[in-house]
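The structure under discussion appears below in the form of structure tokens.
Just so it is clear, the values below take in all heavy atoms, side chains as well, and ignore hydrogens, waters and symmetry mates. Quick caveat: nothing in here was measured; it's all calculated off a predicted structure. So you know, we letter chains A, B, ... as the sequences are listed, proteins then strands, and number each from 1.
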There are 2 protein chains.
Amino acid sequence: MKKEPTLNNTLICKGRILAIKDTMEILSGKWKFHILGTLMQGDKLRFMDLLREVDGIGAKMLSKELQDMEMNHLIKRTVLNTKPVTVEYEMTEYGKTLAPIIDEIAKWGIGYRASLFSKTD
Amino acid sequence: MKKEPTLNNTLICKGRILAIKDTMEILSGKWKFHILGTLMQGDKLRFMDLLREVDGIGAKMLSKELQDMEMNHLIKRTVLNTKPVTVEYEMTEYGKTLAPIIDEIAKWGIGYRASLFSKTD
DNA sequence: GAAACTACTTTCCTTTTGGAAACTATTAGC
DNA sequence: GCTAATAGTTTCCAAAAGGAAAGTAGTTTC
């Protein structure tokens, strides 16, 4: 009894799986979607704003995740010449292409909440 | 100089962020999207099939992630009465509602690959 | 000059995640 | 009886993720 390849291993399949892997590597971690979702609503936010808005995150994590996403050109960091220096973060145009993902995730989460009440399993 | 709430903290905002958090908690970890993407293409897959298809995963992780997703009603486990017992995994109808998310993630990943070549930053 | 604000960074620690390898149990083939 | 396949579980360990608190540095306000 030999084992035969059960899945159709076309290039399309492999490419799709690889694409999923790529995306999730860039958006890995506990906070990225949370931060992105927040940044998409308030278009320019300062570090301390994010620290207050993103519920539960600490300065270290926020700093690290922001750097991470800046490197991937998803967000833009701007230092302002104010008295106590302030820094603004905002989505880049490229980062905004993530909107459909974020929207679908938010939509699904809302439906999930609803399904917890009306058990139509 | 007092600090004022900079974001419009409407219920819609909070709900959206909460929804994102909910979804990502259910789909956390290195492998879930990978497994789900695979299961969406080949509709019924056995444990060993998945072990071979999901590149790099080990038996322990696969087992754990499958249990996790079964508990959340995203996938269904069926034990078959074959000589060496086989087990089939497939998406539930509910699990299939994740398709838009997976599709958007795959789509974005494909675009990301493309952008690595044509640098139009 | 002490306190408070900005935006971090650093240190130290715990928890979580993930992986390799070995092991369980059953059945089939040689 | 040995090997191999099925589907896992268990153990042991390393690495990564994440958090709390303190520290750095510059400026302004009292």
Side-chain angles (χ1 to χ4, degrees), chain A residues 1-7 20-21 24-36 38-39 42 44-72 75-90, chain B residues 1-7 20-21 24-36 38-39 42 44-72 75-90:
Chain A
M1 205 176 284
K2 262 185 242 164
K3 71 195 81 151
E4 333 147 22
T6 20
L7 254 198
I20 292 171
K21 212 179 136 206
M24 295 318 295
E25 250 158 49
I26 289 169
L27 300 176
S28 66
K30 192 177 171 184
W31 299 106
K32 296 230 176 63
F33 281 103
H34 203 147
I35 296 170
L36 289 172
T38 304
L39 272 177
K44 288 181 191 201
L45 294 176
R46 287 171 298 154
F47 187 83
M48 292 307 277
D49 290 333
L50 284 166
L51 204 52
R52 281 185 282 260
E53 284 298 326
V54 180
D55 192 46
I57 201 171
K60 189 186 81 173
M61 270 298 119
L62 181 56
S63 172
K64 207 205 71 185
E65 298 292 62
L66 288 172
Q67 278 172 27
D68 218 53
M69 294 193 285
E70 198 195 347
M71 280 201 310
N72 285 318
I75 61 174
K76 201 177 83 176
R77 196 182 99 112
T78 314
V79 181
L80 300 178
N81 249 337
T82 49
K83 324 76 184 275
V85 65
T86 53
V87 181
E88 268 179 7
Y89 293 92
E90 61 185 313
Chain B
M1 206 176 282
K2 260 187 246 166
K3 70 195 82 151
E4 333 148 22
T6 19
L7 253 197
I20 292 172
K21 211 179 137 204
M24 295 319 295
E25 249 157 49
I26 289 169
L27 300 176
S28 66
K30 194 177 167 181
W31 298 107
K32 296 231 176 62
F33 281 103
H34 203 149
I35 295 169
L36 289 171
T38 304
L39 272 176
K44 287 179 191 201
L45 295 175
R46 289 171 298 154
F47 187 84
M48 291 308 277
D49 290 332
L50 283 167
L51 206 50
R52 280 184 283 261
E53 283 297 327
V54 180
D55 192 47
I57 201 171
K60 190 186 80 170
M61 270 299 117
L62 181 55
S63 173
K64 207 205 71 184
E65 297 292 62
L66 288 171
Q67 278 173 26
D68 218 55
M69 293 193 285
E70 197 196 348
M71 281 199 311
N72 284 318
I75 60 174
K76 203 178 82 177
R77 196 184 99 112
T78 315
V79 180
L80 301 179
N81 249 336
T82 49
K83 323 73 186 278
V85 64
T86 51
V87 180
E88 267 178 7
Y89 292 92
E90 61 186 311

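Contacts of residues 57-71 of chain B with DNA chain C (heavy atom under 4.0 Å): B/K60, B/M61.
Residue B/R77 places at least one side-chain N or O under 4.0 Å from the OP1 or OP2 atom of D/dG8. Taking only side-chain nitrogens and oxygens, A/R52 never comes nearer than 4.0 Å to OP1 or OP2 of C/dA7. Taking only side-chain nitrogens and oxygens, A/K30 never comes nearer than 4.0 Å to OP1 or OP2 of C/dT16.
One atom, OH of A/Y89, and another, P of C/dA7, lie 8 Å apart when rounded to the nearest Å. Between the CG atom of B/L51 and the P atom of C/dG19 there is a distance of 12 Å, given to the nearest Å. Atom CG of A/D49 is separated from atom C1' of C/dA7 by 12 Å (rounded to the nearest Å). Rounded to a whole Å, the CE atom of B/M48 is 14 Å from the P atom of D/dT9. Atoms CG (A/L80) and P (D/dT27) sit 16 Å apart, rounded to a whole Å. To the nearest angstrom, C1' of D/dG18 lies 13 Å from CD1 of A/I35. Separating the CD atom of A/E25 from the P atom of C/dG18 is a distance of 12 Å, rounded to the nearest angstrom. For A/L45 and C/dA7, the CG to C1' distance is 15 Å, given to the nearest whole Å.
Between B/T78 and B/E90, some side-chain heavy-atom pair lies under the 4.5 Å cut-off.
Comparing atom distances between the A/W31 side chain and each of C/dT6, D/dA7, D/dG19 picks out D/dG19 as nearest. Side chain of A/P84, nearest nucleotide from C/dC8, D/dG8, D/dG26: D/dG26.
Between A/D68 and A/K32 there is a salt bridge, since at least one side-chain N of the basic residue sits less than 4.0 Å from a carboxylate O of the acidic one.
The NZ atom of A/K76 sits 6.5 Å away from the NZ atom of A/K44 when rounded to the nearest 0.5 Å. Here the CG-CD distance, from A/L27 to A/E65, works out to 10.0 Å after rounding to the nearest 0.5 Å.
Nearest heavy atom pair, residue A/L80 against residue A/V85, reads O-CG2, 3.6 Å. The two atoms that bring B/L50 and B/L62 nearest to each other are CB-CD2, 3.8 Å, heavy atoms only.
Remark: D/dC30 base-pairs with C/dG1. Criterion, Watson-Crick or G-U wobble with two distances under 3.5 Å.
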Inset, instruction - Evaluate the criterion side chain to side chain contact (heavy atoms under 4.5 Å, CB included) for residue pair A/Y89 and A/I35; output intermediate values, then yes/no. - result: CA-CA 11 Å; A/Y89 293 92; A/I35 296 170; over 6 Å; no
